[in-house]
Protein chains: 2
Amino acid sequence: MQNTDNKEFFTSQGLKNTKSRNLIYEILEQSDVPVTAEQVYLKLKESDFKINLSTVYRILEIFVNKGIALKSNIADSNKSMFELNRMEHKHHIVCIKCKKMFSIEGCPFDEIEKKIQSKLDFDVTGHKLEIFGYCKDCKLIKK
Amino acid sequence: MQNTDNKEFFTSQGLKNTKSRNLIYEILEQSDVPVTAEQVYLKLKESDFKINLSTVYRILEIFVNKGIALKSNIADSNKSMFELNRMEHKHHIVCIKCKKMFSIEGCPFDEIEKKIQSKLDFDVTGHKLEIFGYCKDCKLIKK
DNA sequence: GTAACTGCAAACCTTTTGCAGCTTG
DNA sequence: CAAGCTGCAAAAGGTTTGCAGTTAC
């Protein structure tokens, strides 16, 4: 089985070009909010691609180690979430009640990072911002 | 066994004033970075206070529900971290390598929140900012 | 052909839960 | 005394791992 979609991309990272990786990469690419390993797994299953959950975890882990994806634990569940490490640099806003996430544009942090860099003698490589509250639908029925 | 340290505080929240709660509250109070349930548990053990890990979890959960503490998953481990919900509103900076956390002063977000509030019709109740990179000690030996 | 990848099942680790006994107000 | 806490042990998630078989290069 072969899929050449991202062949160069994967091999340039020292990774074999497998269908699983291509599909998982695509799923991350198509989502503009972070997803759990299980969500990825279910999406693959829906599209009738047979895969094991532990393979999903392994691929996501590789993506994270290679810097292709980012891992986080937004929303304070006990699940990890994964998203593509996009250059455009997105942040998210999470509804406390329904846990839906929305992406927000813009990031006012670049200059603040520089300040911290010099002040703390800390080599800043990135940041993560999560804003939370109640979304349009949930704000009426908070409890 | 009794300890009146925070008696009024607890009873005003509808909570019984127990030694465990007082001690856990103190531990959170004395730490300026988030801690795991296990760290709290070990600290109590060190000081020869016998307690069960599940009790620690239960107390921390109550604190979170009452708004006394905040739960997060900074540093992308699979462990939850807890910190006091201080009014001063602190953020943290985490070293990717040694995972040490430092607290940083100030938060430039209040006005940005307002913008989002009106733009997305989202009722913002708070935010969490994590900045990461390499600390002074680790920046020399990154890998 | 070989190194890398995957499936499966079991192990692991963190967190939660049921229940019985104990404490606080 | 009653309601609320706690300890203990067991269960319940989520994630990782060992191993054997398969695939990409």
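We name chains A, B, ... by the order of the sequence lines, and we start the count at 1 in each one.
- Counting atom types as modelled, R58(B) pairs no side-chain N or O with a base atom of dG4(D) as donor and acceptor under 3.5 Å.
- Note: CG (L53(A)) to P (dC8(C)) measures 12 Å, nearest angstrom.
- Put simply, CD on E38(A) is 16 Å from C1' on dT16(D), counting in whole angstrom units.
- Under the salt bridge (charged side-chain N to carboxylate O under 4.0 Å, His left out) criterion, no residue pair touches residues 45-68 of chain A, with sequence neighbours excluded.
- Rounding to whole angstrom units, CD1 of residue I59(B) and C1' of dT16(C) are separated by 15 Å.
- dC5(D) atom C1' lies 15 Å from atom CG of L60(B), rounded to whole Å.
- Closest to the side chain of R21(B), out of dT6(D), dT14(C), dC5(C), is dT6(D).
- Checked against ring-ring contact (aromatic ring centres under 6.0 Å, His included), Y41(B) has no partners two or more places apart in sequence or in another chain.
- Phosphate contact (OP1/OP2 of dC8(D), side-chain N/O of K50(B), threshold under 4.0 Å): present.
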Identify each atom pair where a protein N or O and an N or O of nucleotides 9-12 of chain C are less than 3.5 Å apart, giving names and distance.
none

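- With the nearest nucleotide of DNA chain D identified for both K16(A) and E61(A), E61(A) has the one nearer the 5' end.
- Residues satisfying the side chain to side chain donor-acceptor pair (under 3.5 Å) test with S31(B), not counting sequence neighbours, are none.
- Across the protein-nucleic acid pair, N78(A) atom CG and dT17(C) atom C1' stand 14 Å apart, rounded to whole Å.
- Between dC25(D), dT6(D), dT6(C), one nucleotide has an atom nearer to the side chain of T11(A) than all others, and that is dC25(D).
- If you measure from atom CD1 of I51(A) to atom P of dT22(D), you get 17 Å, rounded to the nearest angstrom.
- The list of salt bridge (charged side-chain N to carboxylate O under 4.0 Å, His left out) pairs with a residue in residues 28-44 of chain B, not counting sequence neighbours, reads E38(B)-K79(B).
- Counting heavy atoms from C-beta on, the side chains of I93(A) and F122(B) come closer than 4.5 Å.
- Legend: residues meeting side chain to side chain contact (heavy atoms under 4.5 Å, CB included) with S20(A), ordered by chain and number and at least two apart, are T18(A), F49(A), I51(A), I59(A).
- Note: OH (Y41(A)) to P (dT6(C)) measures 15 Å, nearest angstrom.
- For the pair K19(B) NZ and dG7(D) P, the interatomic distance rounds to 14 Å; values are reported in whole Å.
- A perpendicular orientation is assigned to the rings of Y25(B) and F10(B), their planes being inclined by more than 60° (bins at 30° and 60°).
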